[in-house]
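Here is the naming used below: chain letters follow the sequence lines, and residue numbers restart at 1 for every chain.
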Protein chains: 2
Amino acid sequence: MPKIVAERSDAIPSLDEVFREYGFEGASLSTITEKTGLGKGSLYHFFPGGKEEMATAVLGEIDEWFVTQVFEPLRNADDPRSAISDMFRSVSRYFRSGSRVCLVGAFALDNVRDRFRAQVRDYFAEWCGALASALTRAGCPEPDAAALAEETVVAVQGALVVARALDEPEVFERTLQRVQSRLLAAISGEEQR
Amino acid sequence: MPKIVAERSDAIPSLDEVFREYGFEGASLSTITEKTGLGKGSLYHFFPGGKEEMATAVLGEIDEWFVTQVFEPLRNADDPRSAISDMFRSVSRYFRSGSRVCLVGAFALDNVRDRFRAQVRDYFAEWCGALASALTRAGCPEPDAAALAEETVVAVQGALVVARALDEPEVFERTLQRVQSRLLAAISGEEQR
DNA sequence: GTCTATATGGAGATAGAC
DNA sequence: GTCTATCTCCATATAGAC
């Protein structure tokens, strides 16, 4: 399907798709041309830095989505409990119930990690930090909160790997359910003390 | 350092290293030549199918290691409890406490997954199956065993992703500790009934 | 801004001497 | 078995007309 592209940001969703499907090295300029509907001329007009700039832009867009949809709600919500539930809903939607890969995670395992080191690092650090913050405000003691947050982020990433390896997206939803109930249990447990 | 290469299998460890470090697409023939110490002539003599055959051979070698070191012990050990402990020790050693990537997991997230679909699939399916078998024989009821096994494999893969993304290998060891105690707790819990 | 044509390099792979 | 030379192809990137 042809895309309507009038400015740089209109191309980002297609670029996101392409990198997710083919990986950074696997996404050739001709593939990108095809999937975005933009010729090389336009592509280099919008992204003078070439593929690397395209990927940086996509990572930036992903980060922005997570910041507004996930990280900020976790950090600022009046009700941290429901912010955590919202996180699971958003994440499930974002990863299409396990049939969509995490581009940042894929970059982390790839040799391109070093080229996008800061963006990759921050994404995971922010996620862990924001979730730990919500857990703490929900009554979970500090060290447990950090551990639970890390466990949750690890589970999400692992589930995406295994789901794709087995071609069984259900692994992802099962995992989300499991860690979510574990988090909520940890919170109620604390509140009862 | 130069390698002593007299037969095909002598090249596998170097190939394994190269693919782990550069990924499948990122590992060019000149990189491979350099790291294995073999010229293109020798390389194509040993692997007429080129890069794809090299990767297949590496995946086969990895699988064989896991079958003998991890899967068979899990399935056959007289004492499933200690087989499970052994698994965690072997896995920690194999992944160098989180500083080594899982090549199969990396392939799963990459677009090369489809080219090695069966090998990628089997690796994870076998791991889950073998661990579930050990858990069942240790007294864990069937459905719980499968869920716990899946959770464990998911955690290992996720920990490798996050450890590499954050440049913090400790994430891996922490995760192993956590899932190990959870498994052992589940088993003792069952045995007390 | 978007196109076509093109430059240049390195990729994977092969041939054939030794 | 291992080497060097070479083939072909497609990659990223650029130039310049429109």
Could you tell me the separation between the [atom1] atom of [X] and the [atom2] atom of [N], rounded to a whole number of Å?
X       : N      : atom1 : atom2 : answer
B:Phe46 : D:dC3  : CZ    : C1'   : 14 Å
B:Leu38 : D:dT2  : CG    : P     : 6 Å
A:Arg8  : C:dT2  : CZ    : P     : 14 Å
A:Asp10 : C:dT2  : CG    : C1'   : 15 Å
A:Glu34 : D:dA11 : CD    : P     : 11 Å
A:His45 : D:dA15 : NE2   : C1'   : 15 Å
A:Phe47 : C:dT2  : CZ    : P     : 12 Å

Those residues that, when tested against B:Tyr94, pass ring-ring contact (aromatic ring centres under 6.0 Å, His included) (two or more places apart)
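If we apply the ring-ring contact (aromatic ring centres under 6.0 Å, His included) test to B:Tyr94, skipping adjacent residues, the hits are B:Trp65, B:Phe66.
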Applying ring-ring contact (aromatic ring centres under 6.0 Å, His included), name anything that partners B:Phe116, two or more places apart in sequence or on another chain.
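Testing B:Phe116 for ring-ring contact (aromatic ring centres under 6.0 Å, His included), a comparison that skips the adjacent residues, returns B:Phe24, B:Phe107.
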Select one nucleotide: of [options], the one nearest the side-chain heavy atoms of [X].
X       : options               : value
A:Tyr44 : D:dC3, D:dA13, C:dG12 : D:dA13
B:Lys51 : D:dT12, D:dT2, C:dG12 : C:dG12
B:Lys40 : C:dT2, C:dT14, D:dT2  : C:dT14

Any side-chain hydrogen bond (donor to acceptor under 3.5 Å, both in side chains) pairs touching residues 148-162 of chain B, not counting sequence neighbours?
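Every side-chain hydrogen bond (donor to acceptor under 3.5 Å, both in side chains) pair that includes a residue of residues 148-162 of chain B, provided the two are not neighbours, is A:Arg174-B:Glu150, A:Arg178-B:Glu151, A:Arg182-B:Glu151, B:Glu151-B:Arg182.
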Find out whether A:Gln69 and A:Asp86 are in side-chain contact, i.e. whether some heavy atom of one side chain is under 4.5 Å from a heavy atom of the other.
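Contact flag for A:Gln69/A:Asp86 side chains = no.
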Only distances under 3.5 Å count here; give the side-chain donor-acceptor pairs of residues 53-62 of chain A to other protein atoms, sequence neighbours excluded, each with its distance to 0.1 Å.
residue	atom	partner	partner atom	Å
A:Glu53	OE1	A:Gly49	N	2.6
A:Glu53	OE2	A:Arg8	NH1	3.0
A:Thr56	OG1	A:Glu52	O	2.9

List in chain and number order the residues that pass side-chain hydrogen bond (donor to acceptor under 3.5 Å, both in side chains) with [X], two or more places apart in sequence or in another chain; answer none if no residue qualifies.
X        : value
B:Arg93  : none
A:Ser28  : A:Ser30, A:Thr31
B:Asp122 : none

For DNA chain D, find the residues of residues 52-60 of chain B with a heavy-atom distance under 4.0 Å and give them by number; none if there aren't any.
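By residue number: none to list.
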Name the pairs: protein N/O against N/O of nucleotides 16-18 of chain C, kept only if under 3.5 Å.
none

Distance, nearest 0.5 Å, that separates CZ of A:Phe19 from NZ of A:Lys35
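Separation between the atoms: 13.5 Å.
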Strand-adjacent residues in residues 22-30 of chain B, judged by heavy atoms under 4.0 Å from DNA chain C
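Only B:Ala27, B:Ser28, B:Leu29, B:Ser30 qualify.
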Residues 125-139 of chain B, side-chain donor-acceptor partners within the protein, below 3.5 Å, at least two apart:
residue	atom	partner	partner atom	Å
B:Thr136	OG1	B:Ala132	O	2.8
B:Arg137	NH1	B:Ala77	O	3.0
B:Arg137	NH2	B:Leu74	O	2.3
B:Arg137	NH2	B:Arg75	O	3.1

Which atom pairs, donor and acceptor, lie under 3.5 Å between side-chain atoms of residues 159-168 of chain A and protein residues at least two apart or in another chain?
residue	atom	partner	partner atom	Å
A:Arg164	NE	B:Ala108	O	2.7
A:Arg164	NH2	B:Asp110	O	3.0
A:Asp167	OD2	B:Arg117	NH1	2.3

